Amino acid sequence: MLTLKQIRYCLDQMAEMFPDAHCELNHRNPFELVIAVALSAQCTDALVNKVTKDLFQKYKTPEDYLAVSDEELQQDIRSIGLYRNKAKNIRKLCQLLIDEYGGKVPQDRDELTKLPGVGRKTANVVVSVAFGIPAIAVDTHVERVSKRLAICKWKDSVLEVEKTLMKKVPREEWSVTHHRMIFFGRYHCKAQSPQCHICPLLDVCREGKKRMKGKQIDG
DNA sequence: CTCCCGATAT
DNA sequence: ATATCAGGAG
């Protein structure tokens, strides 16, 4: 496990590598962000943005999503994948926003989690990005990076990863750290071909050094 | 744990 | 061909 000082070093390096790390899901308000993040499950941001470009032109309010048939919404988001579940969740979510929240997106993580299709990770993204509330959303990239760098344990659940990060990182840095870890994981410490050979963190990364061993050209 | 699922990278 | 993608629900 990395020491606090080593973690600090890693986060500083990530900040240098990705000084402009930010939310890459296109949105103009909290409602659009909820929809975009709900759509992004097991799908790339780039593909979500491709779909929401037209989607957000056609649907601007919760009422708009309820005005069409389930099949029509499915077709509008089909290329995202998991489209039957997502269409159903979005329509239920919109109904709930109207019935329980005055058509507004609640600014509370636990209230957000009550919305269908919105789990802890999605709720953390919304409160953090839309409302500026400190949170660390642990997605596939944050989990992978945390485990490869041994910031947490290999067998930790996503909730345990989140708790560890909240403990090790100052609250005022939660949101920016979470985005830097996502950029680091998405563009550098990638799932399939991690860039260990040009990684500034290699000297503190057990997993990276393990990966490099089998690829030595000379002895 | 399984299921949902198309697009893209490897 | 297979792995992965800003996961969540049953």
Side-chain angles (χ1 to χ4, degrees), chain A residues 14 18 20-27 30-56 70-71 73-97 105 109-131 133-148 155-162 165 174-197 211 214-215:
Chain A
M14 290 180 200
F18 303 102
D20 61 340
H22 63 283
C23 177
E24 295 196 295
L25 290 167
N26 295 153
H27 64 283
F31 177 60
E32 287 189 351
L33 182 62
V34 172
I35 300 296
V37 183
L39 288 175
S40 73
Q42 296 292 290
C43 173
T44 59
D45 280 13
L47 195 53
V48 173
N49 288 335
K50 200 178 291 183
V51 164
T52 54
K53 183 177 181 184
D54 293 330
L55 195 74
F56 291 163
D70 208 46
E71 289 72 21
L73 182 55
Q74 283 183 24
Q75 282 309 113
D76 289 336
I77 65 171
R78 190 188 57 82
S79 60
I80 293 291
L82 310 179
Y83 57 90
R84 277 183 278 261
N85 286 339
K86 288 174 182 176
K88 178 149 42 80
N89 284 336
I90 286 174
R91 285 161 58 77
K92 281 188 184 174
L93 177 155
C94 287
Q95 189 66 59
L96 206 60
L97 281 184
V105 177
R109 214 256 315 280
D110 294 325
E111 291 300 322
L112 282 162
T113 307
K114 294 178 183 173
L115 301 172
V118 178
R120 190 182 178 91
K121 175 251 156 185
T122 296
N124 276 333
V125 172
V126 172
V127 295
S128 167
V129 174
F131 302 126
I133 299 168
I136 299 178
V138 179
D139 69 338
T140 183
H141 300 299
V142 175
E143 180 181 10
R144 183 178 63 253
V145 168
S146 297
K147 291 184 176 180
R148 280 184 178 164
K155 299 198 68 177
D156 280 353
S157 66
V158 289
L159 182 57
E160 287 169 327
V161 176
E162 182 186 331
L165 288 170
W174 285 358
S175 293
V176 68
T177 296
H178 137 249
H179 282 119
R180 285 170 184 161
M181 291 183 76
I182 285 180
F183 268 59
F184 182 74
R186 180 179 294 162
Y187 300 114
H188 185 87
C189 192
K190 296 183 282 188
Q192 297 201 14
S193 54
Q195 306 296 99
C196 302
H197 56 293
R211 285 172 178 273
K215 301 187 178 180

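Naming: A, B, ... by sequence-line order, numbering from 1 per chain. Remember, predicted model here, so these are calculated numbers, not experimental data.
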*Could you check A/Leu97 against A/Val34 for side-chain contact (heavy atoms from CB on, under 4.5 Å), going step by step and ending with a plain yes or no?*
CA-CA 11 Å; A/Leu97 281 184; A/Val34 172; 5.9 Å; no

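- No side-chain heavy atom of A/Leu115 sits less than 4.5 Å from a side-chain heavy atom of A/Thr122.
- Comparing A/Arg78 and A/Gln192 by the nucleotide of DNA chain B whose heavy atom lies nearest to each, the residue mapping closer to the 5' end is A/Arg78.
- Taking only side-chain nitrogens and oxygens, A/Thr140 comes nearer than 4.0 Å to OP1 or OP2 of C/dC5.
- Taking every nucleotide of DNA chain B with any atom under 4.0 Å from a non-hydrogen atom of chain A, the first and last of them, 5' to 3', are B/dC4 to B/dT10.
- The side-chain hydrogen bond (donor to acceptor under 3.5 Å, both in side chains) analysis of residues 35-56 of chain A, with sequence neighbours excluded, yields the pairs A/Asp45-A/Arg186.
- Between A/Asp139 atom CG and C/dT4 atom P the separation is 15 Å, expressed in whole Å.
- Comparing the C1' positions of C/dT4 and B/dC4 gives an interatomic distance of 15 Å, to the nearest angstrom.
- Phosphate contact (OP1/OP2 of C/dA6, side-chain N/O of A/Arg186, threshold under 4.0 Å): present.
- Nucleotides of DNA chain C nearest to A/Cys23 and A/Thr113 differ in position, and the one nearer the 5' end is that of A/Cys23.
- Taking the six-membered ring where the residue is Trp, A/Phe183 and A/His22 present tilted rings, their angle falling between 30° and 60°.
- Distance, A/Leu93 CG to C/dG8 P: 12 Å, rounded to whole Å.
- Separation of the P atoms belonging to C/dA6 and B/dT10 is 13 Å when rounded to the nearest angstrom.
- Between A/Lys92 and A/Ala41, the residue anchored nearer the 5' end of DNA chain C, judged by the nucleotide with its closest heavy atom, is A/Ala41.
- Remark: C1' of C/dG8 and CG of A/Leu115 are 13 Å apart, rounded to the nearest angstrom.
- When the salt bridge (Lys or Arg N to Asp or Glu O under 4.0 Å) test is applied to A/Arg120, the partners found at least two apart in sequence or on another chain are A/Glu162.
- Note: CG (A/Asn89) to C1' (C/dG8) measures 8 Å, nearest angstrom.
- In the region residues 46-55 of chain A, proximity to DNA chain B at under 4.0 angstrom, judged on heavy atoms, holds for A/Leu47, A/Lys50.
- For the C1' atoms, the distance from C/dC5 to B/dC5 is 12 Å, rounded to whole Å.
- One atom, CG of A/Leu82, and another, P of C/dA9, lie 13 Å apart when rounded to the nearest Å.
- Looking at heavy atoms from C-beta onward, A/Val37 lies out of side-chain contact with A/Val129 at the 4.5 angstrom threshold.
- Atom pair A/Ile80:CD1 and C/dT4:C1' shows a separation of 15 Å (rounding to whole Å applied).
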Donor-acceptor contacts, no H, no angles, side chain residues 138-147 of chain A, under 3.5 Å, sequence neighbours left out:
| from | atom 1 | to | atom 2 | distance (Å) |
| --- | --- | --- | --- | --- |
| A/Asp139 | OD1 | A/His141 | N | 3.2 |
| A/Asp139 | OD1 | A/Val142 | N | 2.9 |
| A/His141 | ND1 | A/Arg144 | NH2 | 2.9 |
| A/Glu143 | OE2 | A/Lys147 | NZ | 2.9 |
| A/Arg144 | NE | A/Cys189 | O | 3.1 |
| A/Arg144 | NH2 | A/Gly185 | O | 2.8 |
| A/Arg144 | NH2 | A/Cys189 | O | 3.2 |
| A/Ser146 | OG | A/Val142 | O | 2.7 |
| A/Lys147 | NZ | A/Trp154 | O | 3.1 |
| A/Lys147 | NZ | A/Asp156 | O | 2.7 |

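- We find that CZ of A/Phe184 is positioned 17 Å from C1' of C/dA6, with the value rounded to whole Å.
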_CA sep, side-chain torsions, deciding dist, call: A/Val127, A/Leu112, side-chain contact (heavy atoms from CB on, under 4.5 Å)_ = CA-CA 9 Å; A/Val127 295; A/Leu112 282 162; 3.5 Å; yes

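- For the OP1/OP2 pair of C/dG8 and a distance below 4.0 Å, the side-chain nitrogens and oxygens of A/Thr122 include at least one atom meeting the criterion.
- Applying the side-chain hydrogen bond (donor to acceptor under 3.5 Å, both in side chains) rule to pairs touching residues 81-92 of chain A yields A/Asp70-A/Arg91, sequence neighbours excluded.
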*Determine, stepwise, if the pair A/Met181 / A/Ile136 fulfils side-chain contact (heavy atoms from CB on, under 4.5 Å).*
CA-CA 10 Å; A/Met181 291 183 76; A/Ile136 299 178; 5.9 Å; no

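- When distances run from any side-chain atom of A/His179 to the nucleotides C/dT4, C/dA6, C/dG7, the shortest one goes to C/dA6.
- Among the protein residues, A/Val118 comes within range of the sugar-phosphate backbone only, with heavy atoms under 4.0 Å from sugar or phosphate atoms but none that close to a base.
- The distance between atom CD1 of A/Ile182 and atom P of C/dC5, rounded to the nearest whole Å, is 12 Å.
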